[in-house]
Trainee: 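One structure, pasted below without further comment.
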Amino acid sequence: MKHPVPAHPIRLIPGLAASHLRHDWILTLCLVVALAAVIAPLLVLMGLKSGTIETLRERLVEDPVYREIRPAHTREFPSEWFEQVARWPGVDFLTPTILPLSSVLQVVHPQTGRSELFDLIPTGPGDPLLLENGARIPGDGQLVLSAEAARRMGVSAGDALQVRVTRTRGTRTEEARETFQVLSVLDARAGSLPRVYAPLDLVVDVEAYKEGYGAPDRGWAGDTPEPFLSFDGAILLLEEPLDPIARTGLIINTGFARLADADRQQSQQRLGVPVPESLTVYDVFTPGSAVTVSNLRAIEQKLRGREAVVLPYVDALPLVDDQGRKMVLAGLSLSPRQARLLQAPVPPWGGFTGRAAPAGELTSVLVPKDHSSDSVQVVSDGANTLTLHLDVVGAGDWQHPVVPVELLGVLRTGTQRALTYRADTGSFEMARGGYRGFRLYAQSIDDVPALAARLQEQGLEFVAQVEAIERIQVLDEGLGRLFWLIALLGISGGTAVLVASLYAAVERLRRDLGVLRLLGLARWHVFFFPVAQGVMIAALGLLAALGGYASLAWAINRTFASELAPGERFCTLPGEQILIAIAATLALAVLASLVAAWRATRIDPAEAIREH
Amino acid sequence: MSTPMIRITGLGKDRSQGGSVFTLEVPQFSVEPGELVAVVGASGCGKSTLLDILALVMAPTRAEDFGFRAGEADSEHDIRRLWRLGDEASLAALRRDYLGYVLQTGGLLPFLSVRENIELSARIRGCGPAGQRLYVLAERLGLEGCLDRMPGALSVGQRQRVAIARALVHAPRLVLADEPTAAVDKARARAVMADLEALARDEGVAVVLVTHDVDLVSGHADRTYTFDVVQTSENVTRSTCYPLQQGVAA
């Protein structure tokens, strides 16, 4: 007779194993309880570890303060630096900041007139300090206040606030005013200082205004960023020599320190034209210091009434031509009167104006006769490199190319302060003072140590909560190690219990397993009998342990509820860890059953017959 | 003449225990389909060893021929070859599909109910739940009332009848019974014996019955084998299995 369905005796094994466990239920219960007694404390330990660490981490993660990195000292940061760093992995938000003193702002309540000085902090789209503290990012005409600032001013979101920026120019005090809308007020968590958060361009305008510049877009009056002129000294030409008393009197209160007889040869080199023998030549200067336009005006004032000419000069500018050859330019600006006295032609740009304007005329040049091109390229290697194209406006009997002395004055200033040259208008501007700091937020607290290390490589000192973060990481690691140590102990015990009892069960079942073999089960079928039992006992033990864990975790979280924020748990296991625990326990159970399983395959079916 | 179900020629089994050697020789042994064959002998004659070999759980030390044929239409399995190959799985499959066992005290699994015990051989064979057949067998053996009880709650005689039911439920071709009546009194033994014979005859199943009680089988067995035990030396015992003539007591 052929059997109606294919024989799969292996499928009977789990049922038989379960029947046996049910029959020997007292022994099974003991085993399950023993296993649960091992697994439940491990689960609780694991839950406490992940719960406390998660709570600590969450508290750090939730507060963007812990993700902030800011420099410890002010230092100039070029714009390229910001572009570069913003692309580093792990950087969430980066904004430049300015000098702390430049960012103090007077804030006035439009109704009560209450007035306070607050620090102005730049912000921008994506600023986590604002976004994660209940605020929106301010746009044009909008501000965000810290909780303290709002409290002191007595305003809330939606109110209007007037901002006043003051500066002192000379003896005058000037003030710019603008009214803003308070967009949001930050949570108190964001910081206890009174602060105003505004888009970067307002912060930059405030700083510029304080430095004396205007902000035309806001209607704030002030200087254009025209560079001032500076010189090494001035050549003084007089028809009559000065007596010793007049020599001393001439320079008092002018800012000049010395008046010396000048060398005619050197003077010709400085001016580009020979000095007539009829004139006495003096050199006025201050060793180690620059001569300003006001110095020149002061000495001219003193010379009023005499037939005299004051011509500023600049020595030794680091100039090269387009081939990189060193270049000498003579600087000469003459009014018709001065030209007459000097017996020299009036240059097309005329006399000395004392300003770096008008734009365009500064970049004119008179060239020696042999010069063929209609422009001269000059590269000035100052605080930053300027490349100028000078327009040839005439040729003459010059030894060196001659330019307006104002140009040399600008270039000399350019050796100390950064200038920009706009080729389209031919004008010069003082370069804006670079940014003096930054506010950087990492994407997560785990990114902070790496970003900090990278900034450190650049020699930057900074302030970050790296330590708080590293403390948690160390704690996590320590608790992890402790957990594994205890787990190892528990797991060894649990495995030993399982190995011994499964083995003992096989020994007790020798006859029954022999009967099963006799009835037609192969060796490899009975192999799975202890394996199935191991898995079942482990599963029951796990179930009991999970129940124990759940109630204990509930009790722990309840006990510490007062110290926890809503949603925080001291003892909690993420789903994946529970799955890992289940998988690990079942795998261990299978491993523990292997000895018993091997033992079961050694049972001879003849033993079942040979029973007595 | 029909083809024998079991055909053994020149089989021998040596067993040594504590320095003494026991040798069983089976020059000729066969079981025809549907036959009741009795193997009778005193204890220590090797009848249990022979049963182990017939049950395909013990390998013979030597054999000229050892064939097993499940039915007329089936080809013969060369048991000698399977043992030589160590093909344990095939031997287990033969046990599962064609053999049934009645052990001395039943050999029931204590953790299964009577019903589950009886069904076990059918389920191992893959016939599915025995259903109707199980009830027919249980009824004939007087077990209807105790199908849901555990073996531990049965009398020895009941257990033996459960064992018979289990040995037959999956429709085997050959039932091996090892002293099935050893644990019961004479009257009960006769009843068990009668049940076994009646069922086997009805089902056309061959039975090999091992017993020390020659009276029990006389008149039932179609063929009887017995043993000639000779102690050849202090440590060597030789037992030879030979067929007994009909109606002659050992």
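Predicted, not measured: the structure shown is a model, and the values here were computed from it. Reminder, nothing fancy here: chain letters follow the sequence lines and each chain counts from 1.
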Trainee: Given that the side chain runs from C-beta out, which part of Leu16(A) has a heavy atom under 4.5 Å from chain B: side chain, backbone, both or neither?
Mentor: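 For Leu16(A), backbone and side chain are both near chain B.
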Trainee: Does any heavy atom of chain A fall under 4.5 Å from the side chain of Leu109(B), the backbone, both, or neither of them?
Mentor: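 For Leu109(B), heavy atoms of backbone and side chain both lie under 4.5 Å from chain A.
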Trainee: Let's go through Leu519(A) and Arg166(B) carefully: what are the C-alpha distance in whole Å and the side-chain angles of both, what is the deciding distance for side-chain contact (heavy atoms from CB on, under 4.5 Å) to 0.1 Å, and is it a yes or a no?
Mentor: CA-CA 10 Å; Leu519(A) 293 183; Arg166(B) 188 180 68 183; 4.1 Å; yes
Trainee: In Å, rounded to the nearest 0.5 Å, how long is the span from CG of Asp52(B) to CG of Asp604(A)?
Mentor: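 So the gap between those two atoms works out to 8.0 Å.
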Trainee: I need the Glu116(B) CD to Leu12(A) CG distance, nearest 0.5 Å.
Mentor: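 Interatomic distance, Glu116(B) CD to Leu12(A) CG, rounded to 0.5 Å: 11.0 Å.
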Trainee: Could you look at Pro110(B) and say if it's the side chain, the backbone, both or neither that has a heavy atom under 4.5 Å from chain A?
Mentor: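 Answer is both: backbone and side chain atoms of Pro110(B) are under 4.5 Å from chain A.
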Trainee: So which atom in Ala522(A) and which in Ala89(B) form the shortest heavy-atom distance, rounded to 0.1 Å?
Mentor: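 Taking Ala522(A) first and Ala89(B) second, the nearest heavy atoms are CB-CA, 4.4 Å.
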Trainee: Heavy atoms only: give me the nearest Arg96(B)-Gly520(A) pair and the separation to one decimal.
Mentor: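 Smallest heavy-atom distance, with atoms named: CB-CA, 3.7 Å.
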Trainee: Residue by residue, scan residues 571-595 of chain A and write down, ordered by number, those that have a heavy-atom distance under 4.5 Å to chain B; if none do, write 'none'.
Mentor: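 Within residues 571-595 of chain A, near chain B: nothing under 4.5 Å.
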Trainee: Return the orientation label for the His20(A) and Phe111(B) ring planes: parallel under 30°, perpendicular over 60°, tilted otherwise.
Mentor: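 Rings of His20(A) and Phe111(B): perpendicular, as their planes differ by over 60°.
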Trainee: Near Arg201(B) CZ, under 6.0 Å, is it more than 12 heavy atoms from other residues, nucleotides or ligands?
Mentor: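 More than 12 within 6.0 Å, yes.
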Trainee: What part of Leu108(B) gets within 4.5 angstrom of chain A, counting heavy atoms only: side chain, backbone, both, or neither?
Mentor: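 Interface part for Leu108(B): backbone (N, CA, C, O).
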Trainee: State the CG-CG distance between Leu56(B) and Leu518(A), to the nearest 0.5 angstrom.
Mentor: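 Reported value, rounded in 0.5 Å steps: 9.5 Å.
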Trainee: Report the C-alpha distance between Arg123(B) and Arg11(A) in whole Å, list the side-chain angles of each, state the deciding distance to 0.1 Å, and finish with yes or no for side-chain contact (heavy atoms from CB on, under 4.5 Å).
Mentor: CA-CA 10 Å; Arg123(B) 289 174 63 202; Arg11(A) 292 186 186 160; over 6 Å; no
Trainee: Take Leu120(B) and Val515(A), measure what side-chain contact (heavy atoms from CB on, under 4.5 Å) needs, and give me the verdict at the end.
Mentor: CA-CA 11 Å; Leu120(B) 189 59; Val515(A) 169; 5.8 Å; no
